[in-house]
Amino acid sequence: MHQRVFAVFTRGAAKLAANTVILSLREGYIALIPFFVMAALVTLVTHWLNYEDLGARYAFLSTFNVLVWTLFPLTTLLSFSYYLAKNLKLNSIAVPILVLTCFTLATGYIYVLDDGSIGINNRAGVFYTIVMPIFCCSTMRAILRARWLRIMPVGNISLFLVKHLNLMFPYILVVLATFMLFPMVDSMLGSALSQLNELQSQWSGNEKLTMQLLSAHVLWLFGIHGDHAYQIMAAPQMSDYMLSFAMDGQSYLNAFVLLGGSGCIWGLLIACLMQGRGTHEASIARLGSPLALFNLSEILVYALPLVLNPYFVVPFILVPLVNALLSNLMIGQGWLPLVAGADIPWFTPVFMSGYLATGSITGVLWQALLIALSTLIYLPFVKANREHNVSGRQLDMLVKRVSAGRQLERQAETHFAKRDSEKFAEQKRLTEVIETLKEGALCLYYQPKICKRSKRILGFEALLRHKQSDGTIISPWFIEVLDRFQMMDVVDSFVIDQLELDLQQFHRYQLAPKISFNISPRNLIYRRYKRVIRAFSKFPEQVEVEILESSYVDDFSRTQEIVAKLRSEGIRCAVDDFGTGYSCLSLLSKLNVDTIKFDRSLLPTDENDPAIILYQSLTQLCHKLGFEVVAEGIETDFHANFITPLPVKQLQGYYFDRPLTLEQEYLSLPSRVQRLLCQSNRIYLPPKVKKPLYERLLSLQFSVGLLNYVNKQVQQ
């Protein structure tokens with residue numbers, strides 16, 4: 001039962017991580033990590049060295065600290081707005097400016113004094129740093145779908161200019177909507193906050209402590225700097241109070257609750273380090289440990305991340321509450337004596353704070369015990385996050401899947417300036433390609449390659465596909481256009497990165513399929529071969545690069561050199577689409593590749609087609625020259641029967657299976673079968689294996705032992 005619940009939770013967490021708003025928030029906060037660390041260090045230096053009391057000479061440090069935290073809402077707003085606009089296919093400069101305008105005016109963050117000068121109310125911006133970008137970007141996107149609001153069609157003028165002219169009416173409508181709705185929202189939130197502060201003023205010290213812990217940590221999980229935001233929003237008596245054992249609340253938090261920063265970061269940090277060297281979690285933990293020494297948790301919160309991460313909601317809130325409860329019990333029983341009037345600043349390193357609070361080694365030992373307990377609480381959640389959540393390279397690929405159109409758009413403006421009016425039709429075609437990519441996402445599909453004799457899967461070909469905004473999957477018709485404009489680098493980069501990530505996913509389930517892929521000949525020969533080596537040399541003899549025969553025709557010696565380098569690194573090479581216009585028989589004896597792939601256009605259509613003789617002769621010739629032959633385009637019984645007597649090792653086509661994504665291949669299987677796939681090669685299914693399940697299992701590349709067993713069961 002618990003496995004089923006966890007499986008549902010995992011699927012929900014994966015969907016949440018891939019949500020555009022969540023993805024944009026994560027990108028925005030990651031981009032702000034340098035600012036967060038700088039702000040925390042400025043505060044640390046200002047408070048630790050107490051420069052504000054050393055005279056006017058050092059007053060600038062205190063002023064700088066105030067200004068940094070005053071700018072905090074603006075920096076968060078701009079970063080989130082930029083990445084949300086980019087991922088929603090909106091203008092990533094014009095839209096953040098619009099969000100900033102609406103935010104500063106509608107929330108009262110910037111206001112005009114009686115003497116005409118400008119003032120800033122940083123309390124007014126805390127609630128809206130996330131809400132305002134979502135509202136403005138969503139409203140802008142909805143309005144832009146109304147084509148009748150466009151004042152300038154695509155024509156002979158710059159695409160860049162047309163795009164910005166067409167933002168005028170949407171700008172006006174978004175501003176009007178903001179000024180109509182947000183005053184009412186602000187009034188309701190203000191009333192609710194006032195009533196809450198009045199209610200809290202009657203609470204005991206322990207109740208105020210609990211409210212502070214819950215509020216600050218929930219704000220952290222939404223990306224808002226919880227401690228700072230709570231100090232701004234809460235009434236003074238809710239952040240400056242005494243507990244029942246005559247210790248002020250903040251010193252108690254610093255000494256016995258927030259060990260390493262909000263969420264008891266030292267427990268999380270140790271749990272991350274236990275995941276093993278080279279993991280995303282361990283790398284972030286090592287990076288954040290120096291700052292955690294002074295209770296600065298920003299790096300782990302924003303880079304791990306904890307922000308909007310469903311795997312860390314429970315431990316991040318639970319650990320501080322457990323620490324507070326246990327420490328309260330220890331003090332109440334007299335087992336943890338306190339130094340009267342002890343004042344523990346927030347930046348005091350762990351263990352030192354325990355000693356200062358108790359005046360003995362008892363406080364140090366108690367802190368060590370709390371950190372050990374918090375590590376045990378965090379450990380299963382960190383492990384689940386590492387195994388199932390989107391992080392590290394996976395997060396990069398989520399971003400890259402939807403960013404190809406934006407990158408190409410920036411390149412297109414440069415090309416447009418170089419085109420004259422006679423080539424306007426080609427430019428318009430490029431514009432169509434860019435708009436297509438901006439409205440969808442790139443993805444990789446995998447089509448099996450079947451052994452002619454055993455009918456087992458020998459490998460896959462990775463095929464580029466485009467997922468449109470309505471969910472429809474189409475072939476990449478735009479490749480020819482991008483290649484003509486020499487703009488294939490963005491697409492090739494995606495294919496390499498996504499395939500590398502998918503191979504790692506296969507490896508996680510102890511699978512090692514052989515996969516081939518295509519790349520632009522120009523990019524492979526002159527630019528991207530080193531990237532291919534870095535990505536796939538760690539998968540020896542598992543990856544095959546498919547090269548067009550035209551590459552040899554255009555630059556034979558250079559292509560020979562690159563193929564030799566790839567093969568020396570354990571990366572196989574194949575000639576793709578053999579027989580499509582460039583085929584030269586004299587070249588066959590000089591090729592240094594492993595495989596020849598016969599294009600589907602060479603296949604005969606029936607038993608009377610003269611192409612039968614040509615196909616038979618070519619396959620015999622390639623086989624005698626030592627090449628492994630792959631037949632593409634097998635779609636009918638005639639094709640399958642025709643190929644049977646020929647010296648062809650691998651078959652590929654819709655006759656056997658359609659291309660599927662890695663997620664479709666694996667996640668569509670029942671959980672019981674998923675568990676079987678994760679085990680060793682000694683896998684056995686129940687004796688009664690139905691054919692539909694067999695056909696679904698064939699769409700995966702997994703252990704030879706399992707495939708042989710399934711084959712026998714189906715034949716029986």
Side-chain angles (χ1 to χ4, degrees), residues 20-21 23-32 35 71 73-107 109-110 125 128-182 399-400 402-417 427 430-441 469 490:
T20 302
V21 175
L23 178 63
S24 304
L25 268 173
R26 286 189 174 185
E27 286 187 275
Y29 287 126
I30 290 173
L32 285 176
F35 173 81
L71 291 174
L74 286 184
T75 55
T76 305
L77 182 87
L78 289 175
S79 183
F80 178 33
S81 300
Y82 171 80
Y83 287 103
L84 183 59
K86 181 193 70 171
N87 292 333
L88 289 177
K89 322 298 183 184
L90 302 174
N91 190 296
S92 56
I93 299 297
V95 171
I97 293 175
L98 172 65
V99 174
L100 177 62
T101 302
C102 294
F103 172 80
T104 54
L105 298 179
T107 65
Y109 179 81
I110 296 179
Y128 300 104
T129 53
I130 296 177
V131 176
M132 188 66 74
I134 295 175
F135 173 78
C136 291
C137 289
S138 301
T139 307
M140 172 69 81
R141 190 185 190 196
I143 295 174
L144 285 174
R145 291 174 179 170
R147 296 183 177 272
W148 57 273
L149 288 174
R150 299 180 181 180
I151 64 175
M152 181 68 68
V154 176
N156 291 325
I157 67 173
S158 166
L159 175 65
F160 183 77
L161 179 58
V162 170
K163 179 179 64 176
H164 287 82
L165 288 175
N166 285 332
L167 288 177
M168 289 195 297
F169 282 134
Y171 246 62
I172 295 172
L173 293 176
V174 171
V175 171
L176 288 176
T178 302
F179 278 93
M180 289 175 61
L181 295 177
F182 271 83
V399 175
K400 185 170 282 190
V402 298
S403 64
R406 184 67 60 183
Q407 296 179 50
L408 291 171
E409 184 180 32
R410 291 195 292 267
Q411 296 183 27
E413 184 61 25
T414 302
H415 278 275
F416 188 88
Q427 177 62 38
L430 177 60
T431 302
E432 292 177 2
V433 171
I434 293 171
E435 292 301 319
T436 298
L437 291 176
K438 287 170 61 180
E439 292 299 324
S469 56
V490 172

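From a predicted model like this one, the values you see are computed outputs, not experimental measurements.
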Please report the closest heavy-atom contact between [X] and [Y], naming both atoms and the distance.
X: C137; Y: V95; result: SG-CG1, 3.6 Å
X: S92; Y: A85; result: CA-CB, 4.1 Å
X: P96; Y: N91; result: CD-O, 3.7 Å

If we only count heavy atoms from C-beta on, is the [X] to [Y] side-chain gap below 4.5 Å?
X: T101; Y: V175; result: no
X: I97; Y: Y171; result: yes
X: L144; Y: L167; result: yes
X: F80; Y: T129; result: no

[atom1]-[atom2] distance between [X] and [Y], expressed to the nearest 0.5 angstrom:
X: S81; Y: I93; atom1: OG; atom2: CD1; answer: 11.5 Å
X: F103; Y: L74; atom1: CZ; atom2: CG; answer: 6.0 Å
X: T104; Y: M132; atom1: OG1; atom2: CE; answer: 8.5 Å
X: C136; Y: L98; atom1: SG; atom2: CG; answer: 5.0 Å
X: T139; Y: I134; atom1: OG1; atom2: CD1; answer: 11.0 Å
X: M140; Y: L88; atom1: CE; atom2: CG; answer: 11.5 Å

